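Structure, as structure tokens:
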Amino acid sequence: MNNRWNKIIYKLWSPIYDKFFNSGNFLKARNKIFQGEKFVENQNILFVGVGTGADLELIEHKELNITAIDYSYEMLEKAKVKFKDSSINFLEMDAQNMSFKDNQFDVVVGSLVLSVVPDADKCTKEMIRVLKPKGKILIFDKFSPKGKNLSPLKKAIRPLIRLLGTDIGVNFETLYEKNKEVLSVIEDTPVMFNGMYRKIVMNKMKA
């Protein structure tokens, strides 16, 4: 995957994305992600890879200070239409190279983005950079199994899956190992598909 290909594939995905990833099991999973998560009115909250705004539909966004970014113009336009009467600040931006200042946000939310960007570690480091010390990162994504290699079938279909704009081989434990000096995992919960999709909550320990 690369940014140029992602531009193309998510332009194609944009008209039908909600039918697949904002309904059925995915909608149930998204609801689980935000159950018990309380956002505070004066917090600066960043949604990375907001897509069509599926996550925003599940929270009380009206009283929150929210910035939402996505690399796909077409996906972002879908979100803007949904929330045209809101104060949400929608920006077209690369999650691997954000234009925000260091330590700018209290909470960073990344749903189904680490498995999409060309470089998951670079994206993770950017989320850490823009997050305030003691701030929270909330992740919902699919990862390869803990302590296991991909099955032969998944290895075989992985290139095809990547052509569709996502990756089934991102390993969270590897990402965390590279960033454990500044991150602390406070929740790691399997959400769907036998733990392939997980909710992971982390705190930033220092600047």
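The shown structure was predicted, so the numbers you read here are calculated from the model rather than taken from an experiment. All heavy atoms count here, side chains included; hydrogens, waters and symmetry mates do not.
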Open item on the list: For a quick check under 3.5 Å, do K78 and S14 share a side-chain donor-acceptor pair by atom type?
Closed with: no
TODO: Report the residues that fulfil ring pair (Phe, Tyr, Trp, His ring centres under 6.0 Å) with Y17, sequence neighbours left out, ordered by chain and then residue number.
DONE: F21
- [ ] Assess the side chains of K178 and T124: does a donor N or O sit below 3.5 Å from an acceptor N or O?
- [x] no
Task: Spacing of NZ belonging to K199 relative to CG belonging to L138, to within rounding of 0.5 Å - done: 6.0 Å
Task: From CG (L56) to CD1 (I45), nearest 0.5 Å - done: 10.0 Å
Open item on the list: Quick check on K11: does its NZ atom have over 12 non-hydrogen neighbours (other residues, nucleotides or ligands) under 6.0 Å away?
Closed with: no
Task: Atom pair CG (N179) and NZ (K204), whose distance is rounded to the nearest 0.5 Å - done: 11.0 Å
Open item on the list: Using side-chain heavy atoms (C-beta onward) and a distance below 4.5 Å, is R129 in contact with M98?
Closed with: yes
Open item on the list: Looking at N194, I'd like to know if its CG atom is crowded, meaning that more than 12 non-hydrogen atoms belonging to other residues, nucleotides or ligands lie closer than 6.0 Å.
Closed with: no
- [ ] With sequence neighbours excluded, give me every side-chain hydrogen bond (donor to acceptor under 3.5 Å, both in side chains) pair touching residues 64-74.
- [x] N44-N65
Open item on the list: Could you go through V182 and M205, starting from their C-alpha distance and side-chain angles, then the distance that decides it, and tell me whether this counts as side chain to side chain contact (heavy atoms under 4.5 Å, CB included)?
Closed with: CA-CA 5 Å; V182 291; M205 296 182 288; 5.5 Å; no
Task: By side chain to side chain donor-acceptor pair (under 3.5 Å) - contacts of D188 (at least two apart) - done: K146, R198
Open item on the list: Contact between K28 and M192 at the side-chain level, heavy atoms closer than 4.5 Å - yes or no?
Closed with: no
Open item on the list: Quick check: do F90 and E77 have side-chain heavy atoms less than 4.5 Å from each other?
Closed with: no
Task: Contact check, side chains of I59 and I66, non-hydrogen atoms, under 4.5 Å - done: yes
Task: L150 vs P145 side-chain heavy atoms within contact, under 4.5 Å - done: yes
Task: Pairs flagged by ring pair (Phe, Tyr, Trp, His ring centres under 6.0 Å) wherever residues 27-65 is involved - sequence neighbours left out - done: H61-F83
Open item on the list: Quick check: do L46 and Q104 have side-chain heavy atoms less than 4.5 Å from each other?
Closed with: no
Open item on the list: Looking at every non-hydrogen atom in both residues, tell me the closest pair between K82 and A54 and how far apart they are.
Closed with: NZ-N, 4.4 Å
TODO: Measure the shortest side-chain to side-chain distance between N22 and E57 over non-hydrogen atoms and say whether it is less than 4.5 angstrom.
DONE: yes
Task: K154 atom NZ: more than 12 heavy-atom contacts under 6.0 Å - done: no
Task: Carboxylate-amine/guanidinium contact D106 K136, below 4.0 Å - done: no
- [ ] For the residue pair V48 and F105, establish whether any side-chain heavy-atom pair is separated by less than 4.5 Å.
- [x] no
Task: ring pair (Phe, Tyr, Trp, His ring centres under 6.0 Å) partners of residues 126-170, not counting sequence neighbours, each pair once - done: F140-Y197, F143-F172
- [ ] May I have the step-by-step check of salt bridge (charged side-chain N to carboxylate O under 4.0 Å, His left out) for K80 and E92, ending in yes or no?
- [x] CA-CA 11 Å; K80 287 180 180 179; E92 186 177 346; over 6 Å; no
TODO: Measure the CG-CD1 distance between L12 and I8 for me, rounded to the nearest 0.5 Å.
DONE: 8.0 Å
TODO: State whether the side chain of D141 and the backbone N or O of G110 hold a donor-acceptor pair below 3.5 Å, judged by distance alone.
DONE: no
Open item on the list: Tell me every residue that passes side chain to side chain contact (heavy atoms under 4.5 Å, CB included) with I157, counting only those two or more places apart in sequence or in another chain.
Closed with: L153, I161, I168
